[in-house]
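These notes concern the structure reproduced below.
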Protein chains: 2
Amino acid sequence: MLTKSSTELVRQQNSALVLSALRRRGALAHTEIAEQTGLASATISAITAELERIGAIAKSEHHVQGGRGRPRVLFAPKRDCGYVIVVRISSDLVQYSLADYGGVLLDRFDEARGEDHAGAVVFGRRFAAALERLLERSGIAREQVLAVSISSKGLVAADGARLLWSPVFGKEELDFTDLLGDEWRGRIMLSNETLLVAQALAVQAENKGGALRALAAISLGHSIGLGLARRSRSGEFDVSAPNFGHMLHAASAGLCRCGAHGCVEAAAGFYGILRTAFEVPSDTIPAKFVPLVEMDKIAAGARQGHRMSAYAFRQAGLALGIGISRLISLYEPMPIFVTGPGLRYFDLLQKGMEEGLQQSLQVRLQGMPEVAVAADEQQLVFDGHLNRALTAVDGDIATAGHQAA
Amino acid sequence: MLTKSSTELVRQQNSALVLSALRRRGALAHTEIAEQTGLASATISAITAELERIGAIAKSEHHVQGGRGRPRVLFAPKRDCGYVIVVRISSDLVQYSLADYGGVLLDRFDEARGEDHAGAVVFGRRFAAALERLLERSGIAREQVLAVSISSKGLVAADGARLLWSPVFGKEELDFTDLLGDEWRGRIMLSNETLLVAQALAVQAENKGGALRALAAISLGHSIGLGLARRSRSGEFDVSAPNFGHMLHAASAGLCRCGAHGCVEAAAGFYGILRTAFEVPSDTIPAKFVPLVEMDKIAAGARQGHRMSAYAFRQAGLALGIGISRLISLYEPMPIFVTGPGLRYFDLLQKGMEEGLQQSLQVRLQGMPEVAVAADEQQLVFDGHLNRALTAVDGDIATAGHQAA
DNA sequence: ATTTATTTTCTCGACTGTCGAGAAAAAAGC
DNA sequence: GCTTTTTTCTCGACAGTCGAGAAAATAAAT
């Protein structure tokens, strides 16, 4: 269904456009903004004046300039315009970060979550307390927080901020909007972790100027995550995190942590590899956690020619390759970025992956998708958080603009 | 990347909105348009005046009215504003239709395509000649054709009108834009057949007022087609036709018509079912064509308790069910509409489908997707053609509007 | 020191668009 | 013929973008 437009919406969209240009390039002068956005100079004047009035951007003072002519005045997002909180939930710890509107990290601490398998309720309390602590340490008021961006592995509801299933909490549903209550003015966002990796990679690729249509990020670890970024008709990136790890691979993959049989993860997740390598029956209940050193040992064995270990990695690679072939059958060919702790075994997985990929019509018609490696997953996740949260905040500001009279 | 907006774009969007309201509801009065679109009465006056000036809409004369007050004047798309040609390419025949801008069918004929396995070049000539014939029969000039909408089974390029792979022409790529040359003013659109079914079903659902997020259409026949309609962030339906039939199902499915092994189609397509029922080795080269009577015999056998026939349908259902479970793993849960000639065996497939679906985490978490039946595939395809073509034409008219001074 | 050239920012009027209110139109009821 | 009712049309206010040119501010030239 189409929806009606109006002159006010035009201003909103163009304001958001200006903000996004400033966010991407840092600090820009009037003329540069005009060039980047394609808007007329007069329009830039009007929009920057408005954004400055409501305190979203400010003239940056230091003019490092040679050249003649009237000196440029640079605009940049006003860093103390507001703040965002970023929370990364992983199986062993929860990382809380505070950044300003300029995207600069101000504070960060981790909380181990060894014992609170007590469940969601206990976690909820600790979570709320940690946010308080973060604000207190930096002396920032709750009203100045424009967004709380949370990430976890698992399945996230498309709307709202509900965690439907996660390796950490299982089926216990977690609604972060409820959990935080209505004391928070800012928006509360929940994203799948690997979605954020895809987001970060897509933004990187765009800044490099490549005009790619879509990309996928696959995170290898105890579980398998997938993030997808596809350019929508409007030119924006649509990111999503389909349930790749628990897509059905083949019955032979055995019992998965989720309770089903034959998930991709059951073959390609750490516990799956371990099970195959040690020839444990495939319907054995999966290990809760496999230390990296354990995996390293298996990998070392595989590299030294130990048959069963090599076979385990090969089977994992095959599961991934076939999974990716299904992915591009159901979407479209796109480059794949592999990341996560399992990346260090990429050499052992690669052969199986290629073999799996070869099996699909699409690959045979259009060639193998490009498979690249993306190190430093944690940094990418954090970058994705900031991208997404600050873009959303920019949108809010552009929308609010004319109301704040 | 966001893109700049302007007041002219506002008019374009609102014009398109008015046109789409008129297209959906037929003929509407000034006040009704305002109600439907949410636009102010004054705006409706301006837009309808403009659209009437360029000849896209006209006041419909017959006022069937009681009630007092000033009589309404109804606007409706002006049927002779232009024409669209619809071409359905199927394995045994090509159907050419001509409809006017109001969506009314004016002329139609079929051409058998028994012998022209000569290939794309010969087909191209016959195709162009058929379009000429269609115009001649109705006395319509080429310039009045606003769109040529073509459909086929197979893989269609996301941009342009290129058929990348099809059961009819195989790997021989067919570019309909080249094929028709530059003598055609209107736009040339190529869509996968089942995509159009999804389009038609989505429009039907929307007119019924249901607010569904997404749906999938699966066409069962000699090959297996999938059409997907998902509501994008802007509220519009995004339709696509992923390569479901040639997604890898399981190696056991045997040799597929596309040359790969283990496609969904190799198990669930007519030739796959036939192969299993007759216990032909699964790497036998698939039958080019299986007559429906042949399939009916196998189905009759299955219904009377013939083991191997029942097994064949069950395996086909299983392949579909597992395929759908992968689909909703990689997208989201959505209702499934089954259509196509294979629909008549739905009773035999159903059990296997449900079994396959049960295996995924998502189904276990969120329940079975609704599986419904959509009869009359050909009508749906035609409706989808008109929907898509006329919507595109409406967009063109809204865009052109202010230029045609 | 003054002038000139250059570059950037700002401002003004024209244009396009939407909206609300009320005038005008056209039919039915009295 | 007058009133009531309903719909359409029109007018002025307001919001936004754009192009052109004025104004500002500096470096180089004289």
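Letters A, B, ... mirror the listed sequences (proteins, then strands); counts begin at 1. These figures come from a predicted structure and were not determined experimentally.
- Atom C1' of nucleotide dC14(D) and atom CZ of Arg11(A) are separated by 13 Å, given to the nearest angstrom.
- Listed nucleotides: dT9(C), dA15(D), dT8(D). Nearest to the side chain of Val73(A): dT9(C).
- A heavy-atom distance below 4.5 Å is not found between the side chains of Val156(A) and Ser191(A).
- In this model, the phosphate group of dT7(D) is not approached by any side-chain N or O of Lys59(B) to a distance below 4.0 Å at OP1 or OP2.
- Rounded to an integer number of Å, the gap from Glu35(A) CD to dT8(C) P is 10 Å.
- For Ser45(A), the listed nucleotide lying nearest its side chain is dC10(C); candidates were dC10(C), dT17(D), dG17(C).
- Closest to the side chain of Pro71(A), from the set dC10(C), dA15(D), dT26(D), is dT26(D).
- Among the nucleotides dG17(C), dT9(C), dC12(C), the one closest to the side chain of Arg70(A) is dT9(C).
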Apply the test side-chain contact (heavy atoms from CB on, under 4.5 Å) to residues Val393(B) and Ile397(B): give CA-CA distance (whole Å), side-chain angles for both, the deciding distance (0.1 Å), then the verdict.
CA-CA 6 Å; Val393(B) 166; Ile397(B) 288 176; 4.0 Å; yes

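- When the C1' atom of dT7(D) is taken as reference, atom CD1 of Ile33(B) falls 13 Å away, rounded to whole Å.
- Between the C1' atom of dT7(D) and the CG atom of Leu74(B) lies a distance of 12 Å, rounded to the nearest Å.
- The CD-P distance, from Gln12(A) to dA15(D), rounds to 14 Å in whole Å.
- Contact annotation: Thr43(B) reaches the phosphate of dC19(C) (side-chain N/O to OP1 or OP2, under 4.0 Å).
- Residue order along DNA chain C, read from the 5' end via each residue's closest nucleotide, puts Thr48(A) first among Thr48(A) and Ser6(A).
- The side chain of Ala42(A) has dC18(D) as its nearest neighbour among dT16(C), dG16(D), dC18(D).
- With dC18(D), dT16(C), dT11(C) as the candidates, the nucleotide lying closest to the side chain of Thr7(B) is dT16(C).
- Between the side chains of Ser41(A) and His30(A), at least one donor N or O lies within less than 3.5 Å of an accepting N or O.
- For Glu32(A) and Lys4(A), each mapped to the nucleotide of DNA chain C holding its nearest heavy atom, the one lying further toward the 5' end belongs to Glu32(A).
- Between the C1' atom of dT8(D) and the CD1 atom of Ile47(B) lies a distance of 16 Å, rounded to the nearest Å.
- For dT8(D), the OP1/OP2 oxygens have a side-chain nitrogen or oxygen of Thr31(B) closer than 4.0 Å.
- Computed from coordinates, the Ile44(A) CD1 to dT17(D) C1' distance equals 11 Å when rounded to whole Å.
- Of the two residues near DNA chain D, Ser5(B) and Ser41(A), the one whose nearest nucleotide lies more 5' is Ser5(B).
- For Val203(B), the side chain to side chain contact (heavy atoms under 4.5 Å, CB included) partners two or more places apart in sequence, or in a different chain, are Gln199(B), Asn207(B), Asn387(B).
- Residue Leu17(A) contributes atom CG, which lies 13 Å from atom C1' of dT17(D) at whole-angstrom precision.
- Regarding contacts with the backbone of dT6(D), every side-chain N or O of Arg68(B) stays at 4.0 angstrom or more from both OP1 and OP2.
- Across all strands shown, Leu39(B) has heavy atoms under 4.0 Å from sugar-phosphate atoms exclusively, and none from any base.
- Results of the side-chain contact (heavy atoms from CB on, under 4.5 Å) test with Ile140(A) over Asp100(A), Leu135(A), Asp107(A) single out Leu135(A) as the only residue that passes.
- Nearest-nucleotide mapping onto DNA chain D: of His30(B) and Asn14(A), the residue sitting toward the 5' end is His30(B).
- Checking the phosphate oxygens (OP1, OP2) of dT8(C), a side-chain nitrogen or oxygen of Arg72(A) falls inside 4.0 Å.
- The side chain of Ala29(A) has dT9(C) as its nearest neighbour among dT9(C), dT8(D), dA20(D).
- Taking the ring axis of Tyr101(B) as reference, the NZ or CZ atom of Arg79(B) does not stay both within 45° of it and closer than 6.0 Å to the ring centre.
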